[in-house]
**Q** 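This is the structure, below, for whatever I ask next.
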Protein chains: 2
Amino acid sequence: MSATRWLDDEEQRAWRAFIRMHGRLSARLNRQLQADSGLSLADYEVLVQLTDAPDGRLRPFELQRGLQWEQSRLSHHLTRMQRRGLVAREECDEDGRGAVVALTDAGRRAIVAAAPGHVDTVRRLFLDELTRDQLAMLRQVSDQVLARLDATTEAGG
Amino acid sequence: MSATRWLDDEEQRAWRAFIRMHGRLSARLNRQLQADSGLSLADYEVLVQLTDAPDGRLRPFELQRGLQWEQSRLSHHLTRMQRRGLVAREECDEDGRGAVVALTDAGRRAIVAAAPGHVDTVRRLFLDELTRDQLAMLRQVSDQVLARLDATTEAGG
DNA sequence: GCGGCCTAGATGATGCATCATCTACCTGGA
DNA sequence: TCCAGGTAGATGATGCATCATCTAGGCCGC
């Protein structure tokens with residue numbers, strides 16, 4: 001490796017501010033969700049995916065693609081959500097290896113109850129703080145970085 | 001609460017892209033650090049703070065302010081780092097309640113070894129992807145949101 | 001129709017994050 | 001001087017994230 005190019009002042013500040021902002025924001029969102037509806041942000045995201053799916057049913061690997069989670073994280077998380085009655089696991093007819101995850105009534109009720117407060121908090125703490133231009137740029141930046149992440153394999157990075 | 005203002009299309013996309021980008025980016029950074037130097041991102045940040053401190057020593061509450069972590073997270077984390085020999089806990093002369101966290105030689109060696117690869121990865125996966133304007137915008141947005149987070153108490157939010 | 005390889009998913013171990021709670025010490029006022 | 005409240009920090013329990021590994025069924029060429 002050649003000599004390290006350390007971060008200059010502006011890079012340093014931007015990078016640290018970004019990391020810290022995300023950390024604190026997600027902590028707050030988590031706390032609000034947890035306190036008001038007993039769901040974690042992770043639960044919420046799983047439930048959103050299932051709600052958007054026809055019949056409230058998805059194969060775990062579809063869920064995985066939608067969430068971009070690690071497979072084992074998803075599997076463990078589903079186990080916990082199943083234990084709490086938010087989702088159910090069913091057998092899959094088309095593929096003997098597979099499973100189907102189904103939103104339960106309790107799961108549907110939970111997300112319906114949680115959504116307004118969560119959306120409101122996202123607005124108050126984040127979206128309302130940004131101009132429309134800033135929002136567009138943020139999306140642009142996020143998409144660029146995501147493309148970069150997709151493009152680089154684990155090797156070296 | 002009044003009727004929920006749901007997210008419009010652009011808000012939805014920007015918000016989700018942002019969340020996903022951060023999640024995947026930090027996962028990659030963590031893996032790289034872990035694989036190449038056996039440190040987590042959290043370890044790294046603690047070590048950075050200590051390295052920047054005079055004499056490699058800080059009170060836990062100073063560390064906490066620098067990192068903006070929860071107190072108990074920090075305490076647990078220090079316990080683990082202490083067990084691995086990266087930091088040491090000492091008694092505090094000025095304040096009988098307090099402690100002092102000191103960077104050990106092993107800790108110093110660990111971060112010196114880890115830094116180049118980490119900085120390089122941050123560049124390759126993130127900074128190099130952004131224009132200078134985008135970087136400035138990101139910092140601006142992060143600071144705005146952080147100010148918002150500071151301004152709102154836990155109550156309601 | 002069976003050997004190798006792939007994909008779908010579960011699981012045990014371990015480290016991490018958070019919550020609630022606890023101890024010990026400091027500080028200011030009656 | 002003593003007690004009330006506040007600050008510094010540690011700790012046990014619990015849920016979460018990741019790694020390595022495992023099972024089982026699908027798929028393909030021979």
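When reading the values below, keep in mind they use all heavy atoms of this one structure, side chains included, and skip hydrogens, waters and symmetry mates. In this text, all values refer to a predicted model and were calculated from it rather than measured experimentally. Numbered from 1 within each chain, the chains take letters A, B, ... in sequence-line order.
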**Q** How many angstroms lie between CZ in R89(B) and CE in M81(B), if you round to the nearest 0.5 Å?
**A**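 R89(B) CZ to M81(B) CE: 11.0 Å, rounded to 0.5 Å.
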
**Q** Can you tell me the distance, in whole Å, between the CG atom of L29(A) and the C1' atom of dC16(D)?
**A**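 For the pair L29(A) CG and dC16(D) C1', the rounded distance is 17 Å.
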
**Q** May I ask you to say whether D128(A) pairs ionically with R124(A), meaning some side-chain N is under 4.0 Å from a carboxylate O?
**A**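 So D128(A) does not pair with R124(A) through a salt bridge.
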
**Q** Whole-Å distance between dC6(C) P and D95(A) CG?
**A**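 Computing the D95(A):CG to dC6(C):P distance gives 17 Å.
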
**Q** Contacts to DNA chain C from residues 69-86 of chain A, heavy-atom cutoff under 4.0 Å, which residues?
**A**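 Heavy-atom cutoff 4.0 Å gives Q71(A), S72(A), S75(A), H76(A).
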
**Q** Using a strict threshold of under 4.0 Å (side-chain N to carboxylate O), is an ion pair present between R132(B) and D8(A)?
**A**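 The answer is yes: the pair qualifies as a salt bridge.
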
**Q** Report the relative orientation of the aromatic rings in F18(B) and F126(A); use parallel for angles under 30°, tilted for 30 to 60°, perpendicular for over 60°.
**A**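 If you compare the ring of F18(B) with that of F126(A), the planes turn out parallel.
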
**Q** Grab the CD-P distance between E94(B) and dA24(C) for me, whole Å please.
**A**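 Atom-to-atom, E94(B) to dA24(C), this comes out as 21 Å.
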
**Q** Without hydrogens or angle criteria, can the side chains of Q49(B) and E62(B) be said to hold a donor-acceptor pair below 3.5 Å?
**A**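 No donor-acceptor contact under 3.5 Å links the two side chains.
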
**Q** Decide, yes or no, whether a salt bridge links R5(B) with D120(A) under the criterion of side-chain N to carboxylate O below 4.0 Å.
**A**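 No, this pair does not count.
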
**Q** What parts of residues 52-65 of chain A reach DNA chain D, counting only heavy atoms under 4.0 Å away?
**A**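 Going residue by residue through residues 52-65 of chain A, none turns out to have a heavy atom under 4.0 Å of DNA chain D.
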
**Q** Quick one: label N30(B) by what it contacts on the DNA or RNA (base, sugar-phosphate, nothing), any heavy atom closer than 4.0 Å.
**A**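 It contacts nothing in the nucleic acid.
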
**Q** Using distance alone, with no hydrogens and no angle criterion, decide if H118(A) and D36(A) have a side-chain donor and acceptor under 3.5 Å apart.
**A**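 On atom types as modelled, these side chains do not qualify, holding no pair under 3.5 Å.
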
**Q** Round to the nearest Å and state the distance from Y44(A) atom OH to dC16(D) atom P.
**A**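 After rounding, the gap between these two atoms is 17 Å.
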
**Q** Assess whether a salt bridge exists between E45(A) and R73(A), defined as any Lys/Arg side-chain N lying under 4.0 Å from an Asp/Glu carboxylate O.
**A**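 Salt bridge between E45(A) and R73(A), a charged N being under 4.0 Å from a carboxylate O: no.
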
**Q** Counting only non-hydrogen atoms, which of residues 96-111 of chain A are less than 4.0 Å from DNA chain C?
**A**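 Residues of residues 96-111 of chain A under 4.0 Å from DNA chain C: R97(A), G98(A), A99(A).
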
**Q** Between R31(B) (CZ) and dT18(D) (P), how many Å, whole number?
**A**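 Nearest whole value for this atom pair: 7 Å.
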
**Q** Expressed in angstrom and rounded to an integer, what is the separation of Q34(A) atom CD from dA17(C) atom P?
**A**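 Result: 16 Å.
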
**Q** Atom CD of E91(B) and atom P of dG9(D): how far apart are they, to the nearest Å?
**A**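 One finds 13 Å between P of dG9(D) and CD of E91(B), rounded.
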
**Q** Among L103(B), L39(B), L50(B), V46(B), exactly one meets side-chain contact (heavy atoms from CB on, under 4.5 Å) together with L86(B). Which residue is that?
**A**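 With L86(B) as partner, side-chain contact (heavy atoms from CB on, under 4.5 Å) holds for just one option, L39(B).
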
**Q** Taking the basic N atoms (NZ, or NE/NH1/NH2) and the acidic carboxylate oxygens, is any pair closer than 4.0 Å for E70(A) and R31(B)?
**A**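 A salt bridge links E70(A) with R31(B).
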
**Q** Among side-chain atoms of R109(B) and T104(B), is any donor-acceptor pair under 3.5 angstrom?
**A**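 Looking only at side-chain atoms, T104(B) and R109(B) do not form any donor-acceptor pair under 3.5 Å.
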
